[in-house]
Amino acid sequence: KYLDNLNVPKKEKKGLLKKMIKNYRLHKPNLKPYKYFYDFIKKNYKKYFLILLTDGHTKVQKNKFKSLNLEKFFDMKIYTGMNVEKHKPAEWSYKKIMKKFELKPQEILCVGDNPNKDFITPNKMGMHTLRIKKGRFKNLKKCNDAKISIEKFSGNFIKLIEKIKK
């Protein structure tokens with residue numbers, strides 16, 4: 001539709017669209033993590049196993065994560081890419097994490113923002129779940145929501161994690 005609004009001739013649309021998608025996927029964003037989240041990670045990354053589990057195009061997600069400069073703190077990164085059988089809420093990634101780190105569900109905290117998929121399986125498996133109400137899913141209300149929700153990172157975030165850990 002965007003290309004229609006720009007009056008791009010029909011025979012040029014397909015090629016132009018492919019170029020636009022390629023540019024989007026190769027784009028190197030300039031992102032910064034929330035301050036308290038970064039402080040928490042930096043201070044505590046040796047106390048916990050930190051695992052990134054993300055859906056979406058692998059190259060795009062890797063570029064976003066690299067831009068956040070958090071890679072060095074994470075023990076494992078799972079990019080499900082375009083493999084929809086492994087996308088959240090599929091159990092595949094969660095089982096892989098539990099097996100690799102020899103963890104029980106109740107020893108895992110899943111942090112996410114999208115109640116449409118981030119908490120369905122962790123809740124079902126008995127994991128702790130924490131929803132960060134930011135971005136496009138901030139006001140979305142779902143029955144598959146996290147057990148705990150916060151609207152922003154603050155000193156309370158660190159206290160909350162410590163409380164869950166006990």
Side-chain angles (χ1 to χ4, degrees), residues 21-138 140 142-153 157-158 160-166:
I21 291 170
K22 182 179 178 184
N23 284 338
Y24 168 74
R25 289 182 176 160
L26 297 177
H27 167 71
K28 306 260 194 268
N30 183 17
L31 304 171
K32 296 199 182 317
Y34 300 113
K35 182 186 179 339
Y36 281 103
F37 181 73
Y38 185 80
D39 292 345
F40 172 78
I41 295 288
K42 205 164 94 175
K43 180 180 173 190
N44 295 289
Y45 76 98
K46 291 182 181 177
K47 292 182 190 177
Y48 308 100
F49 294 117
L50 298 177
I51 296 112
L52 173 74
L53 170 55
T54 184
D55 296 334
H57 191 276
T58 300
K59 184 74 175 164
V60 173
Q61 297 304 90
K62 283 183 175 184
N63 284 341
K64 286 186 205 175
F65 193 58
K66 188 172 187 174
S67 175
L68 290 167
N69 198 27
L70 295 171
E71 290 178 307
K72 61 187 170 249
F73 301 120
F74 281 71
D75 300 288
M76 182 180 194
K77 296 170 259 329
I78 299 175
Y79 300 94
T80 61
M82 303 313 285
N83 186 339
V84 292
E85 286 103 33
K86 294 181 179 178
H87 278 197
K88 295 177 268 178
E91 291 184 1
W92 179 86
S93 298
Y94 302 99
K95 288 180 177 180
K96 182 175 180 172
I97 292 164
M98 288 189 299
K99 184 176 181 180
K100 178 175 172 98
F101 296 102
E102 298 178 356
L103 295 169
K104 297 177 183 132
Q106 60 271 23
E107 297 174 306
I108 298 173
L109 169 65
C110 294
V111 180
D113 66 346
N114 184 351
N116 289 321
K117 62 182 182 172
D118 288 349
F119 313 112
I120 296 168
T121 300
N123 282 340
K124 187 172 80 173
M125 295 175 95
M127 297 174 184
H128 298 281
T129 52
L130 171 64
R131 177 176 172 199
I132 308 299
K133 291 187 171 185
K134 301 288 274 179
R136 65 182 171 152
F137 304 111
K138 180 180 180 175
L140 190 62
K142 293 290 275 190
C143 61
N144 297 315
D145 211 345
K147 295 172 187 166
I148 302 169
S149 293
I150 60 174
E151 303 217 2
K152 63 181 180 177
F153 288 102
F157 174 72
I158 295 169
L160 179 65
I161 300 296
E162 291 301 319
K163 187 176 180 181
I164 290 172
K165 191 173 108 172
K166 293 177 181 174

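Atom set for the values below is all heavy atoms of this structure, side chains included, hydrogens, waters and symmetry mates excluded. The model shown is predicted, which means the values in this text are computed figures rather than measured ones.
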Original post:
Quick check: are there more than 12 heavy atoms from other residues, nucleotides or ligands sitting under 6.0 Å from CD of Q106?
Top reply: yes
**OP:** Evaluate the ring planes of F49 and F101, with Trp represented by its six-membered ring, and classify them as parallel (under 30°), tilted (30 to 60°) or perpendicular (over 60°).
**Re:** tilted
Output a table of donor-acceptor pairs, distance under 3.5 Å, between side-chain atoms of residues 107-115 and any protein atom two or more places apart or on a different chain; print 'none' if there are none.
| from | atom 1 | to | atom 2 | distance (Å) |
| --- | --- | --- | --- | --- |
| E107 | OE1 | K104 | N | 2.7 |
| N114 | OD1 | N116 | N | 2.8 |
| N114 | OD1 | N116 | ND2 | 3.3 |

**OP:** Working to the nearest 0.5 Å, report the span between CG of L53 and OG1 of T121.
**Re:** 10.0 Å
**OP:** With sequence neighbours left out, write down each residue that passes side-chain contact (heavy atoms from CB on, under 4.5 Å) with H57, or none if nothing qualifies.
**Re:** R25, K59, V60, M82
Original post:
After noting the C-alpha distance and the side-chain angles of M76 and I97, does the key distance pass the side-chain contact (heavy atoms from CB on, under 4.5 Å) rule?
Top reply: CA-CA 8 Å; M76 182 180 194; I97 292 164; 4.3 Å; yes
Original post:
So, for L52 and F74, which heavy atoms are closest and what is the spacing to 0.1 Å?
Top reply: N-CD2, 3.6 Å
**OP:** Quick one: list whatever passes side chain to side chain donor-acceptor pair (under 3.5 Å) with K62, sequence neighbours left out.
**Re:** none
Subject >> From CG (N123) to NE2 (H128), nearest 0.5 Å >> reply: 11.0 Å
Original post:
What heavy-atom pair brings A146 and F119 nearest, and what distance separates the two atoms?
Top reply: N-CD1, 3.6 Å
Subject >> F40 CZ to Y48 OH distance, which is reported to the nearest 0.5 Å >> reply: 4.5 Å
Original post:
What residue pairs, at least two apart or across chains, pass side chain to side chain donor-acceptor pair (under 3.5 Å) with a residue in residues 91-100?
Top reply: E91-K95, E91-K124
**OP:** Report the residues that fulfil side chain to side chain donor-acceptor pair (under 3.5 Å) with T54, sequence neighbours left out, ordered by chain and then residue number.
**Re:** Q61
**OP:** Would you check if P105 and M98 make a side-chain contact, meaning some heavy-atom pair closer than 4.5 Å?
**Re:** yes
**OP:** Measure from the side-chain N and O atoms of N63 to the backbone N and O of P29, and report whether any donor-acceptor pair falls under 3.5 Å.
**Re:** no
**OP:** Could you grab the distance from atom CG of L70 to atom CG of L31, nearest 0.5 Å is fine?
**Re:** 10.0 Å
Original post:
Tell me, which pairs form a side chain to side chain donor-acceptor pair (under 3.5 Å) where one or both residues lie in residues 70-84, sequence neighbours left out?
Top reply: D55-T80
Subject >> CG-OH distance between D39 and Y34, expressed to the nearest 0.5 angstrom >> reply: 14.5 Å
Subject >> Nearest heavy atoms of P89 and I120, plus distance in Å >> reply: CB-CB, 3.9 Å
